[in-house]
Every structure is written in structure tokens, then in C-alpha cells.
Amino acid sequence: MDIRYSANPNDVKKYNTEELRKEFLIQGLYKEDQVVSVYSHVDRMVVLGICPVHEQLPITKGIDVWKEFGTSYFLERREAGVFNIGGKGKIIVDGTEYVMNYKDCLYISKESMDVKFISDDSDNPARFYLVSAPAHKVCKTTYIPIEKANKRPMGDVKTSNKRTINQFIHPDVIETCQLSMGMTSLEEGSVWNSMPAHTHERRMEIYTYFEFPENNSVFQFMGQPTETRHLAMQNYEAVISPSWSIHCGCGTSNYTFIWAMGGENQVFDDMDNINIPDMR
């Protein structure tokens, strides 16, 4: 498991490109018949990339659960959200099977003991993107297909940010302990997300980007509002955004991204908005 420790914003001001990428960028999440895991000490969030091809993969493949979490199984004191951003597959949670089509989501409750991941077609394997947060109560494991997501059209072509926010693991959709996740899709000709930028000191956030054409990139902006930095990102990469950091992006084409949040609350209007002319 790749461990990422909390970074002080005063230190980040001095990072070069390599240091910034090593600290916050998550690459190589999807490897054949492997579970790739990254543990962030920012709100103790965990990111997994799960790519079953020829095998049925348990959630703990390659993870020493007792060493990493001090628990007897992965979700003993955690909840998780999973999106399928690859070919058709299935997730089995304590004997219950959930069919996962492209962009479908599954919320997995705390105390789910046996979780497995399967692809239907080894030539077009599923890519399961999982984010897990600590949890103190049991909620209901819930399957949310893309058609059932709470859709919120936002933005305008005039500001290059016309998009649809799909809320999946969200207080308006299902009950969770602290985890919130959703998917935002930008329309053709729109390239900006989460702008005007904001911070929320009570919640961290993790983004993963996909669905942009080959030889294109998304530039993720981060840092304190008057000390911004950027990371050039490719398809299926993820980025950790501490609570003190802005988190917005601009692509060389339109794209889709999944956002995941955990922290003190699930209140979505507690942002500290930043005036664009005040950014540096």
C-alpha cells in the first residue's frame, strides 16, 4: 500500500514539479488482476484501483489489513463507494451480487466483510474505482445506476463550464456516515470545472479524471488561493486535495471526473469561495 502523509501548505509552496506529483498525484491505478491501494493521511481516505481480468479479486488482495488498518477486515470500521469506469462487471458483497455497468455506482456499508470484484469480459475488463472513508455507523449497501443519479445541470458555454453534476453517494440520494461521491461530465466545448474555485476546511476531496481523448490532458489546480500550483494529469489518474487547497481543473478537451469527499460534515454550502481576481 502506498502511504501519503499530510502535507503542510507552507512546505508545498516550495515543492518542485516532481515533489508535487509524488505527494498528490495517483498514477497506475489499474493493473491486470491487481488491487492497487493508496492510503492518504488526509482524513484517512483510501483509494483503490481494481482491475479483474482473469481472476475474481477480493478487496484485500495484496493488502495486509491488520498492518495497514489494525482491523480484522477492510470495512470493519470503514465505508466505501465504487464506480465502474470500464467494461461490464459485478461486485459481490457478502453473497449479494450487483451488476455494474459503465458509470454505475455502489455504496458499500461499514461491516461488509466479503467483497469481490469480477469482469464479464476479459477483453474489456471492468475498472473499479473505489474510495473509502472511516465510518462510525452502519448504513445500507446501495446500488445506484447512472440513470438514478441526482442530476444537476450547471455552468454555461459562455464560461466554458457547461456540465452535469451526477450526485450518487450524497445526502440527497442515500444515507452514509461521512463519504460523499459523484460524477461530473463536461459538455463538448467546455473545459473548466469547479471554477470559481473554493476551499472547504472541514472536508478533503479526491478527483479522478477520465473520458478525454488520447494526447489530451487535464491540468488540476491546487494549493492555497494565493499560492496556486498545477498538475498535468492523464486518463484514469487521481489527485488528492487537502482541505486547505483549491481543487479545480481545465482540460485541453471536455472530460468526466469523479469527486469523493470525506471529513467533518456533509454540508455542501460551507465552501470558502475565492474571487477569481484574488487568485495568485
Side-chain angles (χ1 to χ4, degrees), residues 4 7 9 12-13 15-29 38 40 42 47 83 85 103 127 129 131 151-168 180-201 203-261 268 271-280:
R4 306 291 181 93
V12 174
K13 294 176 186 179
Y15 284 5
N16 61 29
T17 299
E18 182 180 353
E19 291 169 323
L20 198 71
R21 292 173 69 84
K22 183 177 180 180
E23 195 75 34
F24 300 105
L25 184 63
I26 300 174
Q27 298 177 291
L29 272 172
V38 178
S40 171
V42 183
V47 175
F83 280 87
I85 53 175
K103 295 185 177 179
R127 294 175 187 254
Y129 174 74
V131 178
K151 293 174 170 52
R152 297 184 58 205
M154 300 284 286
D156 196 293
V157 292
K158 295 178 182 178
T159 47
S160 302
N161 67 348
K162 188 171 177 59
R163 64 201 188 278
T164 299
I165 299 175
N166 297 278
Q167 296 170 337
F168 289 82
S180 298
M181 293 183 73
M183 179 186 297
T184 300
S185 296
L186 277 73
E187 295 192 10
E188 187 175 352
S190 287
V191 294
W192 279 102
N193 75 69
S194 309
M195 181 64 78
H198 60 266
T199 61
H200 28 69
E201 286 284 355
R203 287 178 286 143
M204 67 89 74
E205 195 152 7
I206 299 172
Y207 280 9
T208 190
Y209 290 95
F210 64 108
E211 279 196 331
F212 51 92
E214 188 178 1
N215 297 322
N216 282 263
S217 292
V218 171
F219 292 84
Q220 173 81 3
F221 293 91
M222 62 165 298
Q224 292 176 301
T226 57
E227 286 282 348
T228 61
R229 303 288 187 269
H230 75 269
L231 292 164
M233 297 182 61
Q234 304 302 312
N235 263 313
Y236 304 115
E237 294 181 343
V239 59
I240 298 166
S241 178
S243 58
W244 48 263
S245 175
I246 64 168
H247 38 279
C248 60
C250 185
T252 56
S253 72
N254 60 314
Y255 50 87
T256 299
F257 68 99
I258 295 168
W259 43 268
M261 288 184 279
F268 282 79
M271 292 95 72
D272 299 312
N273 292 305
I274 312 301
N275 291 323
I276 292 175
D278 294 335
M279 294 176 63
R280 298 289 184 271

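These numbers were taken from a predicted model, which means no experiment stands behind them.
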Could you work out, with side-chain contact (heavy atoms from CB on, under 4.5 Å) as the rule, every residue matching S190, not counting sequence neighbours? K162, L186
Just verifying a value: how many Å separate M183 CE and K151 NZ, rounded to the nearest 0.5 Å? 9.5 Å
Using 30° and 60° as the class limits, which term best fits the ring planes of Y209 and Y207: parallel, tilted or perpendicular? perpendicular
Could I get the full list of side-chain contact (heavy atoms from CB on, under 4.5 Å) partners for C250, not counting sequence neighbours? V191, W192, F221
List for me each residue that meets ring pair (Phe, Tyr, Trp, His ring centres under 6.0 Å) alongside Y129, sequence neighbours excluded, and say none if there are none. none
Contact list for residues 216-233, test salt bridge (charged side-chain N to carboxylate O under 4.0 Å, His left out), sequence neighbours left out: E227-R229
Does any part of the side chain of S243, heavy atoms only, come nearer than 4.5 Å to the side chain of E201, both counted from C-beta? yes
Quick one: side-chain hydrogen bond (donor to acceptor under 3.5 Å, both in side chains) partners of R127, sequence neighbours excluded? none
Among residues two or more places apart or on two chains, list those pairs meeting salt bridge (charged side-chain N to carboxylate O under 4.0 Å, His left out) that have a residue in residues 204-214. K103-E211
Treating N161 as the side-chain partner and D156 as the backbone partner, does any N or O pair qualify as donor plus acceptor under 3.5 Å? yes
Applying side-chain contact (heavy atoms from CB on, under 4.5 Å) to E237 and not counting sequence neighbours gives L25, Q27, M233, Q234
Between the main-chain N or O of S245 and the side-chain N or O of H247, is there a donor-acceptor pair closer than 3.5 Å? yes
Using the side-chain hydrogen bond (donor to acceptor under 3.5 Å, both in side chains) criterion, which residues pair with N254? Sequence neighbours excluded. none
Quick one: does I258's side chain get under 4.5 Å of F168's, heavy atoms only? no
Do Y236 and T208 come close enough that some side-chain heavy atom pair is under 4.5 Å? no
For the pair R280 (side chain) and Q224 (backbone), establish whether a donor and an acceptor sit closer than 3.5 Å, ignoring hydrogens and angles. no
Here the gap from M154 atom CE to S194 atom OG, rounded to the nearest 0.5 Å, amounts to 9.5 Å
Closest approach of F212 and N235, non-hydrogen atoms and distance? O-ND2, 2.6 Å
Can you name the side-chain contact (heavy atoms from CB on, under 4.5 Å) partners of V12, sequence neighbours left out? A7, Y15, L20, F24, W244
Residues passing the side-chain hydrogen bond (donor to acceptor under 3.5 Å, both in side chains) test with K22, sequence neighbours excluded, are none
Close side-chain approach of F219 and T252, heavy atoms under 4.5 Å: yes
Tightest non-hydrogen contact, residues M181 and A260, listed as CG-CB, 3.7 Å
Measure the OG-CG distance between S160 and N193 for me, rounded to the nearest 0.5 Å. 12.5 Å
To the nearest 0.5 Å, atom OG1 of T164 lies from atom CZ of R152 at 11.0 Å
What residues form a side-chain hydrogen bond (donor to acceptor under 3.5 Å, both in side chains) with S253, not counting sequence neighbours? none
What side-chain donor-acceptor pairs closer than 3.5 Å can you find for residues 271-279, not counting sequence neighbours?
from, atom 1, to, atom 2, distance (Å)
N275, ND2, D278, OD2, 3.4

